[in-house]
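Remarks on the structure that follows.
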Amino acid sequence: VQLQASGGGLVQAGGSLRLACSASGGTFSGYTMGWFRQASGKEREFVAAISWSGGARYYAGAVKGRFTISRDNSKNTLYLQMNSLKPEDTAVYYCASDPQVRTFSSNYSSSARAYDVWGQGTQVTVSS
């Protein structure tokens with residue numbers, strides 16, 4: 001499967017953006033999906049993850065209550081709705097897919113090691 005992230009851009013603090021991640025060339029449903037981000041000069045960090053059905057979701061503390069992860073398996077698309085954006089949310093955002101069917105685990109899904117297929121990233125810049 002290949003992943004293509006889109007929807008990034010420049011937004012003022014307090015604004016909103018919706019990222020999308022389209023999957024092609026393979027099976028999308030059945031696998032945990034995640035969003036990660038990497039700010040300039042920093043390590044990649046977990047943002048959010050969602051189980052194959054969408055019934056379980058897990059968020060990093062920094063985004064909980066502001067971001068919402070969702071998926072539409074009929075469209076092979078993963079989403080990240082980002083509200084109340086802050087300058088510290090500025091980063092390249094990546095979507096990723098777990099390569100194995102497994103029971104959703106918040107601990108496991110928050111680790112980059114759980115994923116082996118990554119999108120190319122989309123830049124989100126939040127101005128103050």
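Asn83 and Gln81 form a side-chain donor-acceptor contact under 3.5 Å, judged by distance and modelled atom types alone. Between the side chains of Asp72 and Ser74, at least one donor N or O lies within less than 3.5 Å of an accepting N or O. Arg66 and Tyr59 share no side-chain donor-acceptor pair at under 3.5 Å.
Across Cys95 and Leu78, no two heavy atoms sit closer than the pair CB-CD2, 4.0 Å. The two residues Leu3 and Ala23 have their closest heavy-atom pair at CD2-CB, 3.7 Å. Contact detail for Val47 and Val63: the closest heavy-atom pair is O-CG2, 3.5 Å. In terms of heavy atoms, Ser128 sits closest to Ala13 at CA-CB, 4.3 Å. When all heavy atoms of Thr122 and Gly7 are compared, the closest pair comes out as OG1-N, 4.0 Å. Closest heavy-atom contact between Gln123 and Ala91: NE2-O, 3.5 Å.
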> Under the side-chain contact (heavy atoms from CB on, under 4.5 Å) criterion, do Gln12 and Leu85 qualify, and how do the steps go?
Replying inline: CA-CA 8 Å; Gln12 289 188 332; Leu85 282 161; over 6 Å; no
> side-chain contact (heavy atoms from CB on, under 4.5 Å) between Leu19 and Tyr79: does it pass, once the steps are laid out?
Replying inline: CA-CA 6 Å; Leu19 305 184; Tyr79 301 99; over 6 Å; no
>> Applying side-chain contact (heavy atoms from CB on, under 4.5 Å) to Thr68 and Leu80, what does each step give before you reach the verdict?
In response: CA-CA 6 Å; Thr68 301; Leu80 184 69; over 6 Å; no
> Can you check side-chain contact (heavy atoms from CB on, under 4.5 Å) on Arg102 and Tyr108, steps first, answer last?
Replying inline: CA-CA 10 Å; Arg102 67 179 95 239; Tyr108 190 80; 3.2 Å; yes
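One N or O on the side chain of Ser109 and one on the backbone of Ser106 form a donor-acceptor pair closer than 3.5 Å. A distance-only check finds a donor-acceptor pair linking the side chain of Thr77 to the backbone of Lys75 [under 3.5 Å]. Under a 3.5 Å cut-off, the side chain of Thr90 and the backbone N or O of Val126 do form a donor-acceptor pair. Ser51 places a side-chain N or O within donor-acceptor distance of the main-chain N or O of Ala56, the cut-off being under 3.5 Å.
Atoms OH and OH, from Tyr94 and Tyr115 in turn, are 16.0 Å apart once rounded to the nearest 0.5 Å. Note: Arg44 CZ to Tyr93 OH = 13.0 Å, rounded to the nearest 0.5 Å. Between atom CE of residue Met82 and atom CG of residue Asp89 there is a gap of 7.5 Å, rounded to the nearest 0.5 Å. Distance check, rounded to the nearest 0.5 Å: SG of Cys21 to CH2 of Trp118 gives 11.0 Å. Here the straight-line distance linking atom OH of Tyr58 with atom CG of Asn107 works out to 6.0 Å at 0.5 Å rounding. To the nearest 0.5 Å, the span separating CG on Asn73 from OG on Ser53 amounts to 8.0 Å.
Both Phe46 and Val92 are members of a single hydrophobic cluster when ILVMFWY side chains are connected at heavy-atom separations under 4.5 Å. Under a hydrophobic-cluster definition in which Ile, Leu, Val, Met, Phe, Trp and Tyr are linked whenever side-chain heavy atoms come within less than 4.5 Å, directly or via other members, Ile69 and Phe67 are assigned to the same cluster.
Residues satisfying the side chain to side chain contact (heavy atoms under 4.5 Å, CB included) test with Gln120, not counting sequence neighbours, are Gln4, Ala5.
Figure legend: Arg71 and Trp52 shown without cation-pi pairing, the cationic atom not lying both under 6.0 angstrom from the six-membered ring centre and within 45 degrees of its axis.
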